[in-house]
Amino acid sequence: MTTPYNFDHNSFAGDLQRDHAAIGDGDETGVEVAAAGRVMLLRTQGKLAFATMRDSTGEIQLFALSSITEEFESFSKLHLGDWVGVKGEVVRTKRGELSIKVKTWETLAVARHNFGDKWSGISDHDLRYRHREADLWANPESRQSLSRRSAVIRSLREQLWAQGFIEVETPILSAIASGAAARPFTTHHNAFDFDFSLRIAPELWLKRLVVGGFERIFELGRVFRNEGISPRHNPEFTMIELYVAYWDVYNMMELTEQLCAGAAQAVLGTTQLTYQDREMSLATPWARRSMAELTSEAVGEEVSVHSSRERLVELLSQRSVVANDSWGTGRCLAELFEATCEDGLWNPTFVTDFPLEVSPLSRQHRDDDLLTERFEVYCAGRELANGFSELNDPDDQRKRFEDQARLKAAGQDETMEIDEDYIRALEWGLPPTAGLGIGVDRLAMLIADAPNIREIIAFPTLKPLRDS
RNA sequence: GCGCCUCUAGCUCAAUGGCAGAGCAAUGGACUCUUAAUCCACAGGUUUCGGGUUCGAAUCCCGAGGGGCGCACCA
């Protein structure tokens, strides 16, 4: 069967519904339109047929009559899921449904498979993710989730553009995977006969652009981490990182909450959300609590990076966390925080004053040698964002990398490698700078009320099917 | 990677060791205002796969595969 190469189309379902909302039952408008979409429901009635057609903007009924519609017999034998282009007059039926009274029509493509149960859609997760194209037609909430993701990304870009940021792109193929503590994927470049890593963060490249004179930059893109998959983790995920010259972490906290609240406002029209049946407020300002303060409250005694290591190790072991010999008080405090506080933080909270030991790219805190000017945002029990005053002293940065190398030697897997190119870049002078990274998928999850990260990724990473 | 749960018709689901079923979709038909149309008829199965126990297995056991959740890793 030969189908057309194009269809001369001038109307969308959503626009027609809006423009002709006022006409009465049984009225005819005299307006001739051409529209296209998929047949989602079909009700034949002898010499009449009613089809519900859906396009990207909504649904409209097609009203076919044997006395008016060409090829009426074929029309009444359309399959659910077939794409059609129709031309006819906009009318409202006697029973009150806005319709296109079809004069001519053509099949644009046929559907060999159906789109699931008319009531229930498709609920099998495997089928939904492996054949998202079917899921999107069967389940309106899937379309809404991906639309909201798109709207979140649009809002982030527009807010940053409005504040003078420019968008840049940096390499995904990296000789050294750095900028975060995570295991990379590797791939082989044939001409160089070299194994590249896929980036785990764009951080170091972006700061080199600040050294190069770009004062407000951001990158929105995919990063790759060779780690476990969970309802909150996909091996490739989308991060937005941004850097502002002359700012410190406190300036950046304000921008962080503005961006996220702004995205919610733009997409939902409010910063008061319901996430998984529970109220959540993204309204600014967000709570700011130091890691030591939150952890002290949780364990019922004063703890900090200045506590005795013995005591921190003891508190950890009470919570079934076995401290590695290589952990100092900073790592111990961070672990204790994760064990006691992380899950309980529901509304977005800036957790500030991260230990220097776990923050190899952050600038030392101006009031405490063992801390950095770094925060992470926790929300719904998960990390949402990470930001800090950037470490811009090349000598200090070298020392931090060397500390990381020592930890690696002591058996810690997820540590950063020494990046000589980056240290050399810092030697040209990085101004005081603040940086931020936001997990875009996780922000989209909140705004789309998605329980699983796979819901807001069009094609999440799936296990390839193998013969059993 | 580990643990628990799960997998039945194209889709959504029944069948609680005793004949494998329904609704929708599909197929054939009736019907000039339907709305998940309705009505009649027809068809659809290696119960994910491979073993085992049993007179008898969708059901119980073992193994494999896919998925969900939790843990670990991490954002």
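Side chains included, hydrogens not; waters and symmetry mates left out as well; all remaining heavy atoms used. Given the structure is predicted, the values throughout are model-derived calculations rather than measurements. Sequence lines set the chain letters: A, B, ... in the order given, protein chains first and strands last, and positions in each chain run from 1.
Considering only side-chain atoms of A:Leu462, the nucleotide from B:U12, B:A75, B:G67 that sits closest is B:G67. Checked against B:G66, B:G29, B:C11, the side chain of A:Leu127 finds its nearest nucleotide in B:C11. For A:His125, taking side-chain heavy atoms from C-beta onward, the closest of the listed nucleotides B:C33, B:A75, B:G67 is B:G67. Comparing atom distances between the A:Pro231 side chain and each of B:C31, B:C11, B:C69 picks out B:C69 as nearest. The side chain of A:Ser123 lies closest to B:U12, out of B:A75, B:U12, B:G67.
Contact annotation for A:Lys463: backbone-only contact, meaning every heavy-atom pair under 4.0 Å involves sugar-phosphate atoms and none involves a base. No engagement by A:Asn226 is indicated, since no non-hydrogen atom pair under 4.0 Å with the nucleic acid exists. Contacts of A:Ser99 with the nucleic acid, taken as non-hydrogen atoms under 4.0 Å apart, are absent. Looking at heavy-atom distances under 4.0 Å, A:Thr93 makes contact with a base. Among the heavy atoms of the strands, none lies under 4.0 Å from A:Arg382. Looking at heavy-atom distances under 4.0 Å, A:Asp441 makes no contact with the nucleic acid at all. Within 4.0 Å of A:Asp126, counting heavy atoms only, lie sugar-phosphate atoms of the nucleic acid but no base atom. Counting any heavy atom pair closer than 4.0 Å across all strands shown, A:Gly26 reaches no nucleic acid atom. Among the protein residues, A:Gly116 comes within range of the sugar-phosphate backbone only, with heavy atoms under 4.0 Å from sugar or phosphate atoms but none that close to a base. Base contact: A:Phe63 has a heavy atom under 4.0 Å from a base atom. Note on A:Arg92: nothing from the nucleic acid sits closer than 4.0 angstrom, heavy atoms only. Residue contacts for A:Gly228: at a heavy-atom cut-off of 4.0 Å it reaches a base atom on one of the strands shown.
Between the side chains of A:Ser178 and A:Asp419, no donor-acceptor pair is found at a separation under 3.5 Å. Using a 3.5 Å distance cut-off with no hydrogens or angles, the side chains of A:Arg208 and A:Thr170 do not pair a donor with an acceptor.
A:Leu78 has its CG atom 11 Å from the P atom of B:U27, to the nearest Å. Atoms CG (A:Leu42) and P (B:U38) sit 12 Å apart, rounded to a whole Å. In this structure, A:Leu48 places its CG atom 13 Å from P of B:U35, rounding to the nearest Å. In this structure, CD of A:Gln45 is placed 8 Å from C1' of B:U38, rounded to the nearest angstrom. Protein atom CZ of A:Arg232 is 12 Å distant from nucleotide atom C1' of B:A72, rounded to whole Å. The nearest whole Å value for the distance from the CD1 atom in A:Ile229 to the P atom in B:C2 is 15 Å. Between A:Arg183 atom CZ and B:A75 atom C1' the separation is 15 Å, expressed in whole Å. Residue A:Asp117 contributes atom CG, which lies 13 Å from atom P of B:A14 at whole-angstrom precision.
Enclosure of atom CZ in A:Arg154 is not indicated, since only 12 or fewer non-hydrogen atoms of other residues, nucleotides or ligands lie within 6.0 angstrom. Counted within 6.0 Å of CD on A:Gln318, heavy atoms from surrounding residues, nucleotides or ligands total more than 12; the atom is thus considered enclosed.
A:Arg319 contributes no side-chain N or O that, together with a main-chain N or O of A:Ala339, makes up a donor-acceptor pair within less than 3.5 Å.
By the stacking rule of 5.5 Å between ring centres and under 30° between planes, A:Phe237 stacks on the base of B:A75.
Comparing B:A26 with B:C19, their P atoms are spaced 32 Å from each other, to the whole Å. For B:A9 and B:A22, the P atoms lie 14 Å apart once the distance is rounded to whole Å. Nucleotides B:A20 and B:U38 are separated by 29 Å at their C1' atoms, to the nearest Å. Only the P atoms considered, B:G70 is 25 Å distant from B:C62, to the nearest whole Å.
Take the nearest nucleotide of RNA chain B for A:Gln61 and for A:Asp124: the residue whose nucleotide is more 5' is A:Asp124. Remark on RNA chain B: of its neighbouring residues A:His113 and A:Glu383, the 5'-side contact belongs to A:His113, judged by nearest-heavy-atom nucleotide.
Contact check on A:Lys207 versus A:Glu241 returns no salt bridge, with no Lys/Arg side-chain nitrogen under 4.0 Å from an Asp/Glu carboxylate oxygen.
Note on A:Lys118: a side-chain N or O is less than 4.0 Å away from OP1 or OP2 of B:A37.
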